[in-house]
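These notes are about the structure you will find just below.
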2 protein chains.
Amino acid sequence: MNTRERILRAAGECFAESGFDGASTRQIAERSGVNKALIHYHFKTKEELFFGVFDDYYRRLIGALVDSLELEGTFEQRFAALIDSYVAFLAANRDLGCVIQWEASGGKNIERVVAQMVPLFQRGIELIEERHPLTKEGDLAASQLLLSFYGMIVTYFVHTPLFERLLGIDPLSDDALQRRKTHLRRMLSITLQQLELRPPEPRAPSPSGTEEEPNR
Amino acid sequence: MNTRERILRAAGECFAESGFDGASTRQIAERSGVNKALIHYHFKTKEELFFGVFDDYYRRLIGALVDSLELEGTFEQRFAALIDSYVAFLAANRDLGCVIQWEASGGKNIERVVAQMVPLFQRGIELIEERHPLTKEGDLAASQLLLSFYGMIVTYFVHTPLFERLLGIDPLSDDALQRRKTHLRRMLSITLQQLELRPPEPRAPSPSGTEEEPNR
DNA sequence: CGAAGATTTAGGCGATCGGTTAAGGCGATC
DNA sequence: GATCGCCTTAACCGATCGCCTAAATCTTCG
């Protein structure tokens with residue numbers, strides 16, 4: 001492993017543990033076993049080092065997700081494959097998942113997260129609405145569903161240290177990961193099952209609002 | 001508002017934005033409009049200031065959740081009330097939600113998070129298993145369900161800056177919050193609906209495990 | 001009032017921060 | 001062997017960090 005990769009790897013760990021401000025270049029240098037000045041040689045500034053970690057992460061994440069999107073099968077099978085890919089990727093790159101969490105929650109590099117995530121999310125919303133027109137509005141709107149499954153997945157990995165003490169097991173063990181995947185597939189299954197039906201209990205007290213936009 | 005409270009409020013904002021290491025006492029002093037040395041007068045160290053923010057947060061959160069747990073009604077109504085309480089609390093205290101996120105993801109104060117969260121989660125698991133024996137194992141285990149709803153809720157608020165650009169609306173507006181609550185209630189409804197049935201597809205190859213404990 | 005205690009202030013401490021500098025190794029090319 | 005370009009090193013810079021000290025100000029009460 002060359003110097004640049006060793007720095008990137010150590011930087012990912014440090015940024016995940018302490019955030020951008022909290023991680024110091026000296027700490028990153030020490031963990032990667034290189035001289036401190038080498039960080040500023042390979043990456044001009046600490047910020048560009050962060051971008052290096054960040055872009056490398058999204059390059060690999062998007063690669064993994066796109067691969068799973070191209071699989072054949074029913075909608076549910078493809079969506080389940082997407083979930084599995086995300087889970088597998090985060091299980092192998094938890095540090096980087098934490099970095100995104102830091103930035104998405106209001107870091108100064110939020111625009112860089114947005115630029116990567118927005119196309120992914122909008123493609124997901126299109127896919128869902130295309131297959132299930134009921135998700136264009138209502139309490140199972142595609143955007144709400146995506147946010148929910150996104151939250152179910154990432155929280156499991158970001159909060160791993162908490163859940164480890166909570167459940168008394170290692171949430172990243174093969175066994176626990178398999179159970180989490182099975183649960184998520186089941187949640188997907190019962191959600192899609194609802195979308196095959198008309199809304200069962202139209203409690204919404206909006207008698208006039210019955211406008212419909214067929215395809216727009 | 002006295003000095004101590006102003007410091008606590010500003011500290012919560014700074015810790016949420018930059019993490020424990022990234023937030024500086026000078027920044028906190030400036031934002032709260034007090035002299036820098038006053039922070040070390042009212043709170044001996046930066047760490048104790050953090051604990052002050054942290055404990056104050058959990059004191060109020062647990063108070064809000066316990067209140068909702070004492071409401072009358074069906075299991076679904078009480079669970080929905082719990083979700084609503086959590087959503088309302090995070091909507092009003094997003095900063096502090098981010099602080100917990102930082103620590104739960106591996107901060108140095110993880111033990112303090114664990115001490116507060118474990119009793120809450122275990123009480124939740126007990127309540128679910130007591131009402132729905134099916135959740136004692138399988139792909140809708142109570143722990144998995146709690147983790148999922150926890151993730152659906154907290155991610156919405158921690159990732160608010162991301163979702164704001166994603167959806168083109170303010171996720172903390174009354175309208176958006178109401179829609180999120182409605183969605184979460186619907187997700188709860190269709191999940192509990194599954195628990196009223198025998199597992200529809202008993203793929204689990206455990207034919208012997210049919211023990212039942214009626215009330216215990 | 002005046003003593004006593006609580007609160008607030010300016011200023012400075014050593015340590016660490018991100019980043020720079022100038023001087024080496026070191027292999028490839030001529 | 002000399003030269004060049006890439007990589008690495010120790011030493012150092014000004015700025016900022018958490019924290020402390022001593023004096024000033026405010027509050028309380030006999």
Side-chain angles (χ1 to χ4, degrees), chain A residues 1-57 95-96 98-99 102-103 106-112, chain B residues 1-57 95-96 98-99 102-103 106-112:
Chain A
M1 185 161 39
N2 64 30
T3 302
R4 187 187 163 90
E5 284 173 356
R6 287 167 61 187
I7 295 176
L8 272 179
R9 186 175 304 250
E13 297 175 9
C14 291
F15 284 141
E17 289 175 10
S18 316
F20 180 81
D21 295 312
S24 74
T25 56
R26 282 167 177 82
Q27 180 190 18
I28 294 170
E30 188 175 354
R31 187 175 301 206
S32 56
V34 307
N35 187 281
K36 171 173 62 74
L38 275 178
I39 292 178
H40 296 92
Y41 174 76
H42 289 282
F43 308 87
K44 202 167 172 52
T45 66
K46 182 184 177 183
E47 193 175 38
E48 292 207 18
L49 168 61
F50 179 83
F51 291 159
V53 172
F54 190 92
D55 294 342
D56 180 60
Y57 169 74
D95 290 338
L96 300 169
C98 291
V99 173
W102 287 66
E103 297 308 315
K108 61 193 72 167
N109 303 305
I110 178 85
E111 288 303 338
R112 226 173 169 93
Chain B
M1 187 160 39
N2 64 29
T3 302
R4 187 187 162 90
E5 283 173 356
R6 286 167 61 187
I7 295 175
L8 273 179
R9 185 174 305 250
E13 296 176 9
C14 291
F15 285 140
E17 288 175 11
S18 316
F20 179 82
D21 295 312
S24 74
T25 56
R26 283 167 176 81
Q27 180 191 17
I28 294 170
E30 188 176 354
R31 186 176 302 207
S32 56
V34 308
N35 186 279
K36 166 173 60 77
L38 274 178
I39 291 177
H40 295 91
Y41 174 76
H42 288 282
F43 308 88
K44 202 166 173 49
T45 65
K46 182 183 177 183
E47 193 176 37
E48 292 208 18
L49 168 61
F50 179 82
F51 291 160
V53 173
F54 191 92
D55 293 343
D56 180 62
Y57 168 74
D95 291 337
L96 301 169
C98 291
V99 172
W102 288 62
E103 297 307 316
K108 59 192 74 165
N109 304 304
I110 178 82
E111 287 304 337
R112 226 174 169 93

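Just so it is clear: chains get the letters A, B, ... in the order the sequence lines come, proteins before strands, and each one is counted from 1. Not measured: the values here are computed from a predicted model.
Considering CG of A/Leu96 and CD of A/Glu13, their distance stands at 9.5 Å, rounded to 0.5 Å. Rounding to the nearest 0.5 Å places CG of A/Leu38 at 12.0 Å from OG1 of A/Thr25. Once rounded to the nearest 0.5 Å, the distance linking CD1 of B/Ile28 with CZ of B/Arg6 reads 14.0 Å. Atom OG in A/Ser32 sits 10.5 Å away from atom CD in A/Gln27 (nearest 0.5 Å).
In this entry the distance linking CZ of B/Arg4 with P of C/dT7 reads 11 Å, nearest Å. Distance A/Glu48 CD to C/dT20 P: 11 Å, rounded to the nearest Å. If you measure from atom CZ of A/Arg26 to atom P of C/dT20, you get 13 Å, rounded to the nearest angstrom. Taking atom CD of residue A/Glu47 and atom P of nucleotide C/dC17, one finds them 19 Å apart after rounding to whole Å. Put simply, CG on B/Asn2 is 14 Å from C1' on C/dA6, counting in whole angstrom units. One interatomic measurement links the two molecules: CD1 of B/Ile7 to P of C/dT7, which rounds to 12 Å at whole-angstrom precision. Atom NZ in A/Lys46 sits roughly 9 Å away from atom P in C/dC17 (whole-Å rounding). Note: CG (B/Leu38) to P (C/dT7) measures 10 Å, nearest angstrom.
Nearest-nucleotide positions on DNA chain D for B/Phe20 and A/Ala37 put A/Ala37 closer to the 5' end.
Salt bridge status for A/Glu47 with A/Lys108: absent, with no side-chain N to carboxylate O gap under 4.0 Å. Look at A/Arg112 and A/Glu103 and you find no salt bridge, because none of the NZ, NE, NH1 or NH2 atoms lies under 4.0 Å from a carboxylate O.
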Evaluation steps, side-chain contact (heavy atoms from CB on, under 4.5 Å), between A/Asn109 and A/Phe54: CA-CA 10 Å; A/Asn109 303 305; A/Phe54 190 92; 5.8 Å; no
Report the C-alpha separation of B/Leu8 and B/Phe43 in whole Å, then their side-chain angles, then the decisive distance to 0.1 Å, and conclude whether the side-chain contact (heavy atoms from CB on, under 4.5 Å) test is met. CA-CA 10 Å; B/Leu8 273 179; B/Phe43 308 88; 3.8 Å; yes
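The shortest distance between the side-chain N/O atoms of A/His40 and the OP1/OP2 oxygens of C/dT21 is not below 4.0 Å.
Within 6.0 Å of CZ in B/Arg31 there are more than 12 heavy atoms belonging to other residues, nucleotides or ligands. Residue-environment remark: CD (B/Glu30) stays at or below the threshold of 12 foreign heavy atoms within 6.0 Å.
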As a check on the pairing definition, encode DNA chain C in dot-bracket form, counting Watson-Crick and G-U wobble pairs whose two distances are under 3.5 Å, and using | for partners outside this strand. ||||||||||||||||||||||||||||||
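Mapping heavy-atom proximity under 4.0 Å, the span of DNA chain D touched by chain B runs 5' to 3' from D/dC17 to D/dC20.
In this structure, A/Ala23 reaches the sugar-phosphate backbone alone: every heavy-atom distance under 4.0 Å involves primed, P, OP1 or OP2 atoms, never a base.
Ring-plane geometry between A/Phe15 and A/Phe20 is classed as parallel, the angle between the planes falling under 30 degrees on a 0 to 90 degree scale with a further cut at 60.
Interface remark: the A/Lys44 side chain does not form any donor-acceptor pair with the C/dG18 base, using a distance-only criterion of under 3.5 Å.
For the pairing with A/Ile7, the side chain to side chain contact (heavy atoms under 4.5 Å, CB included) check across A/Asn2, A/Val53, A/Leu49 returns one residue only, A/Leu49.
Contacts between residues 8-17 of chain B and DNA chain C, defined by a heavy-atom separation below 4.0 Å, involve no residue at all.
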